[in-house]
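The structure displayed is predicted, hence computed values, not measured ones. Below, chains carry the letters A, B, ... as their sequence lines are ordered, and counting in each starts from 1. Atoms considered below: every heavy atom in the structure, side chains included; atoms not considered: hydrogens, waters and symmetry mates.
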2 protein chains.
Amino acid sequence: MSGTASTSYRERNSTADRALDILLMFTDTHLVVSGTAVAERLGVARSTAYRYLQSLVNSRFLEEAPGGGFRLGLRVMEIARLARRSYGLSEVALPAMTTLAEDVRETVLLTRRTGELVVCVDRAEAGTGAVRISYERGSTLPLNAGAAALVLLAWIPDEDARRLLESADLRRFTPATLTDVDTLMQRLAHIRRAGYSVTRGELDADVMGVAAPVRDEKQQVVAAVSIAALASRVFPEAEAELARKVQETAREISERLTAVGG
Amino acid sequence: MSGTASTSYRERNSTADRALDILLMFTDTHLVVSGTAVAERLGVARSTAYRYLQSLVNSRFLEEAPGGGFRLGLRVMEIARLARRSYGLSEVALPAMTTLAEDVRETVLLTRRTGELVVCVDRAEAGTGAVRISYERGSTLPLNAGAAALVLLAWIPDEDARRLLESADLRRFTPATLTDVDTLMQRLAHIRRAGYSVTRGELDADVMGVAAPVRDEKQQVVAAVSIAALASRVFPEAEAELARKVQETAREISERLTAVGG
DNA sequence: ATCAGAGTCTTGTTTTACAGGACAATAGGT
DNA sequence: ACCTATTGTCCTGTAAAACAAGACTCTGAT
């Protein structure tokens, strides 16, 4: 891992970093950016920004938006498909997730953690729910709220989990959101003993979640399977049953994963 | 599938281009790349390649693969979600596509063209088909084969279509694949008159497709809707009926698109 | 007609990214 | 135990590549 404690990070702004940073400017509310905005954000001359933009357009990571500006290009979708395949999770997990979704008639999610963020890698939905729990592939979730995030933290070394939680900005989403690191750490210990997590209204007031860990051939936790349901539809007495089912599904996926990996 | 283009142009490789090129090294058969392979492919020193790699890992476009090497990171899935939203197609199109898929009990695709490539942007699948037509989001299709590709070419100026077809490498996928530019151009004219396209076994011997154009508020063709079905399940007499239904769906999507855009 | 903003190019200057090589750690082969 | 081939990290002097500035075109608004 790290050679010494002092990680002398190089000046974070190389040419490549800046080009990549452009891709990070896009958000749900900012689907189109202009060259001038890019120059400003990057702190470079306009001509320089356009040079980057050209590289990105040439490789189709960006395309010109109708009516001016730039938006994300189809290349992004191409490599996203490959990214999904890279993890080796989806092919194996999706059938089991679909079965679970149909069984409990709720949305089932497969998530992975990257740094301080949890990303939805796959989703299975029950046929015709009146209310939609709308997490898509690529949606990001916070570290401190949601059943899946807690599971993904529970099985890494405590010191790592603490460091992550301390460096992340723990936003409050609802009155029930946990933002205190010590409280969260206790919660993780509890989850580790139980083997699953249950949350209620910590991320979205009306939603509850139940999650369990997926392990690879080395028994490392590499993902989480979770059920996301309208909180009012699931009485506390029913939680145990859901937990059993998610754990069962997670175990099934883990087994197939080790079978493939070995 | 086809290998990527062989090492060719060292013409205008800026630093940003090279960093981006790393992302293009990944293919279905090459889900993990090593630093040495990157250096070789880019034609730079190993230390330089690793510098790029660090930038990509820091921004989470890549992550270290278990057991060495690098693979695509979760950031790619994050921005792919945004890319999908950028086009404003999916939200509007998916309900209509699902309806069509359930009606005809076949796979329905939404595709866009970028340069010499057609990319699947969305998909709706009939519940429980025994045979799966397995195009996913992000899958790429050639310009010269498949009903959708022909539709996407038919409504751009003839000279542009010809130039695209001439510069693309028109591979032969089956005996029925068209690779002659003049023949293809005649085909496009025919499709333009008919308002839809039908192909049989030109891309995959056992598959047939029917496609129709989706237009934005300016009446520009921005996407194609297509039905992909097992060829043996669809008799020639049934083609007209399918064509009518795809056109109807495409028109419906176009109308909602103009309603939103205006 | 005028203005503001987007996007494109060229040029001279110097900043920045490069190659090469030393180094550590790991895995496989003998 | 050895040796060899890999992967990934870090440092330094050099020179090549990227930079800022500004001139230019083309829009669409007012």
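Closest approach to the B:E64 side chain among C:dC18, D:dC10, D:dT9 is made by D:dT9 (side chain taken as heavy atoms from C-beta onward). For A:R51, whose side chain is taken as the heavy atoms from C-beta onward, the closest listed nucleotide among D:dA18, C:dG7, C:dA19 is D:dA18.
Judged by distance alone, the side chain of B:Y87 and the main-chain N or O of A:G73 form a donor-acceptor pair under 3.5 Å. Within the 3.5 Å criterion, the main-chain N or O of A:A147 finds no donor-acceptor partner in the side chain of A:S226. Formation of a donor-acceptor pair under 3.5 Å by the B:R112 side chain with backbone atoms of B:A223 is not found in this model.
In the interface, the side chain of B:R46 is not paired with the base of C:dG20 through any donor and acceptor atom under 3.5 Å apart. Donor-acceptor pairing under 3.5 Å, judged by distance alone, is absent between the side chain of A:T36 and the base of C:dG5. Interface remark: the B:T48 side chain does not form any donor-acceptor pair with the C:dA17 base, using a distance-only criterion of under 3.5 Å.
As judged by a 4.0 angstrom heavy-atom cut-off over every strand, B:S47 is placed among the base-contacting residues. Across all strands, A:T15 comes closer than 4.0 Å only to sugar-phosphate atoms, never to a base (heavy-atom distances).
As rounded to whole Å, 10 Å separates atom C1' of C:dG7 from atom CG of A:L53. The nearest whole Å value for the distance from the OH atom in B:Y50 to the P atom in C:dG20 is 17 Å. Regarding A:L42, its CG atom lies at a distance of 10 Å from the P atom of D:dC19, rounded to whole Å. To the nearest angstrom, P of D:dG8 lies 13 Å from CZ of B:R71. Per the geometry, CD belonging to B:E63 stands 17 Å off C1' belonging to D:dT7, to the nearest Å. Between the NZ atom of B:K218 and the P atom of D:dG28 there is a distance of 10 Å, given to the nearest Å. Atom CD1 in A:I22 sits roughly 12 Å away from atom P in C:dG7 (whole-Å rounding).
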For DNA chain C, please output the secondary structure as dot-bracket, reading 5' to 3'. Pairs are Watson-Crick or G-U wobble, both atom distances under 3.5 Å; mark crossing pairs with [ ], other-strand partners with |, unpaired with a dot. ||||||||||||||||||||||||||||..
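In this structure, A:Q54 does not reach the C:dG7 phosphate: none of its side-chain N or O atoms is under 4.0 Å from OP1 or OP2. For the pair A:R18 and D:dA18, the criterion of a side-chain N or O lying under 4.0 Å from OP1 or OP2 is not met.
When each of A:A16 and A:S34 is assigned the nucleotide of DNA chain C bearing its nearest heavy atom, the one mapping closer to the 5' terminus is A:S34. For the pair B:Y52 and A:A37, both in contact range of DNA chain C, the more 5′-proximal nearest nucleotide belongs to A:A37.
When each of B:T179, B:L150, B:L153 is paired with B:N144, the side chain to side chain contact (heavy atoms under 4.5 Å, CB included) condition holds for B:T179 and for no other.
A side-chain donor from one of B:D17 and B:S14 sits under 3.5 Å from a side-chain acceptor of the other. No side-chain donor from either of B:E63 and A:T114 sits under 3.5 Å from a side-chain acceptor of the other. When only modelled atom types and interatomic distance are considered, A:R123 and A:Y135 share no side-chain donor-acceptor pair under 3.5 Å.
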Report, one line per pair, each donor and acceptor closer than 3.5 Å where one atom sits in a side chain of residues 32-47 of chain A; sequence neighbours left out.
unit_1, atom_1, unit_2, atom_2, d
A:S34, OG, A:A37, N, 3.2

